[in-house]
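Worksheet for the structure shown next.
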Amino acid sequence: QVQLVESGGGLVQPGGSLRLSCAASGSIFRINVWGWYRQAPGKQRELLAEITMGGFTNYADSVKGRFTISRDNAKNTVYLQMNSLKPEDTAVYYCNADVTALGSGRSRYWGQGTQVTVSS
């Protein structure tokens, strides 16, 4: 019904920057809320940032001031700009969308995940 495809992960040095993208496709009527999460080995999945269709944002303390979530409603795409990256930011990053689909109900969908590695 709805698919999320992520891109932009990779290897970056401490203090560097990276931008992740996540594009939604399918029978979408409205994306109500976008979210970015991450999960490191042996750790729980962590909510990093959320943004509503109206542009309201919420950030985890671990990333506020360094990460910025944004979206392009016309393209059904969300972004995560990551600056001042630290080794502890190393994880698999996932996008998530709360979607009202055409001819269906309201459901949450996950991207496939993209690896971000911060290392010198």
Side-chain angles (χ1 to χ4, degrees):
Q1 186 77 356
V2 176
Q3 298 81 39
L4 307 183
V5 179
E6 301 180 37
S7 62
L11 176 64
V12 65
Q13 294 184 340
S17 297
L18 210 59
R19 189 180 75 161
L20 306 182
S21 300
C22 178
S25 62
S27 301
I28 300 170
F29 177 76
R30 180 184 179 92
I31 300 177
N32 305 293
V33 184
W34 282 108
W36 283 101
Y37 297 72
R38 70 185 179 193
Q39 188 166 26
K43 297 183 179 179
Q44 296 181 353
R45 189 167 296 187
E46 175 188 16
L47 173 64
L48 303 176
E50 292 180 313
I51 187 168
T52 70
M53 273 297 182
F56 296 98
T57 58
N58 180 49
Y59 295 94
D61 289 342
S62 59
V63 304
K64 65 181 180 181
R66 300 189 297 123
F67 291 11
T68 303
I69 188 171
S70 61
R71 80 278 185 270
D72 186 332
N73 291 337
K75 296 181 178 180
N76 285 331
T77 299
V78 69
Y79 306 92
L80 186 67
Q81 179 66 46
M82 304 184 293
N83 299 325
S84 302
L85 284 163
K86 307 173 181 179
E88 49 263 46
D89 294 319
T90 297
V92 177
Y93 284 68
Y94 299 89
C95 60
N96 177 270
D98 179 343
V99 179
T100 300
L102 294 172
S104 185
R106 181 172 174 171
S107 302
R108 298 180 69 88
Y109 298 88
W110 291 95
Q112 82 279 11
T114 185
Q115 177 70 46
V116 172
T117 302
V118 184
S119 177
S120 60

Quick check for you: to the nearest 0.5 Å, what is the distance between Ser107 atom OG and Asn32 atom CG?
10.5 Å

Closest approach of Gly55 and Arg71, non-hydrogen atoms and distance?
N-NH2, 3.5 Å

Working to the nearest 0.5 angstrom, can you tell me the gap between Glu46 CD and Tyr37 OH?
11.0 Å

Can you tell if the side chain of Tyr79 reaches within under 4.5 Å of the side chain of Asp72, non-hydrogen atoms only?
yes

Ring geometry between Tyr93 and Phe67 (parallel below 30°, tilted from 30 to 60°, perpendicular above 60°):
tilted

ILVMFWY cluster, Val63 and Val116 together (side-chain gap under 4.5 Å):
yes

What one should report as the nearest heavy-atom pair of Gly8 and Leu18 is O-CG, 3.5 Å

Validation row: Arg38, Thr90 side chains within 4.5 angstrom (heavy atoms):
no

Between Ser104 and Gln1, does any side-chain donor sit less than 3.5 Å from a side-chain acceptor?
no

Taking a hydrophobic cluster as the set of Ile, Leu, Val, Met, Phe, Trp and Tyr residues connected by side-chain heavy atoms closer than 4.5 Å, whether directly or through intermediates, do Val99 and Met53 fall within one such cluster?
yes

How many angstroms lie between atom CZ of Arg30 and atom CG of Asp98, to the nearest 0.5 angstrom?
10.0 Å

Verify, without hydrogens or angle tests, whether Tyr59 (side chain) and Ile69 (backbone) share a donor-acceptor contact under 3.5 angstrom.
yes

Which pair of non-hydrogen atoms, one from Ala60 and one from Leu47, has the smallest distance, and what is that distance?
CB-O, 3.4 Å

Let me confirm one number: the CD-SG distance from Gln112 to Cys22, rounded to the nearest 0.5 Å.
7.5 Å

With Ile28, the side-chain contact (heavy atoms from CB on, under 4.5 Å) member among Thr100, Asn76, Leu102
Asn76

Nearest heavy atoms of Pro14 and Ser120, plus distance in Å:
CD-N, 3.7 Å

Should Asp89 and Lys86 count as an ion pair when the cut-off is N to O under 4.0 Å?
no

For atom CD of Gln44, is the number of surrounding heavy atoms from other residues, nucleotides or ligands below 6.0 Å larger than 12?
no

Given the rule in the side-chain contact (heavy atoms from CB on, under 4.5 Å) test, do Met82 and Trp36 qualify, once you have shown the distances and angles that lead to the verdict?
CA-CA 11 Å; Met82 304 184 293; Trp36 283 101; over 6 Å; no

Any donor and acceptor pair, going by atom type alone, linking the side chain of Asn58 with main-chain N or O of Ala49 inside 3.5 Å?
no

Would you please test Lys75 and Ser21 for side-chain contact (heavy atoms from CB on, under 4.5 Å) and show each step?
CA-CA 11 Å; Lys75 296 181 178 180; Ser21 300; over 6 Å; no

Give a yes or no on whether Val12 and Leu48 share a hydrophobic cluster (residues Ile, Leu, Val, Met, Phe, Trp, Tyr; joining criterion: side-chain heavy atoms under 4.5 Å apart).
yes

Membership question, hydrophobic clusters at under 4.5 Å side-chain separation (ILVMFWY): are Leu4 and Tyr94 in the same one?
no

Where do Ala97 and Ile31 come nearest, in terms of heavy atoms and distance?
CB-CG2, 4.1 Å

Under a single-linkage definition using a 4.5 Å side-chain heavy-atom cutoff for Ile, Leu, Val, Met, Phe, Trp and Tyr, are Trp110 and Ile51 assigned to the same hydrophobic cluster?
no

Taking all non-hydrogen atoms of both residues, which atom of Val78 and which atom of Cys95 are closest, and how far apart?
CG1-CB, 4.5 Å

Spell out, as yes or no, whether a donor-acceptor pair under 3.5 Å connects the side chain of Glu6 to the backbone of Leu20.
no

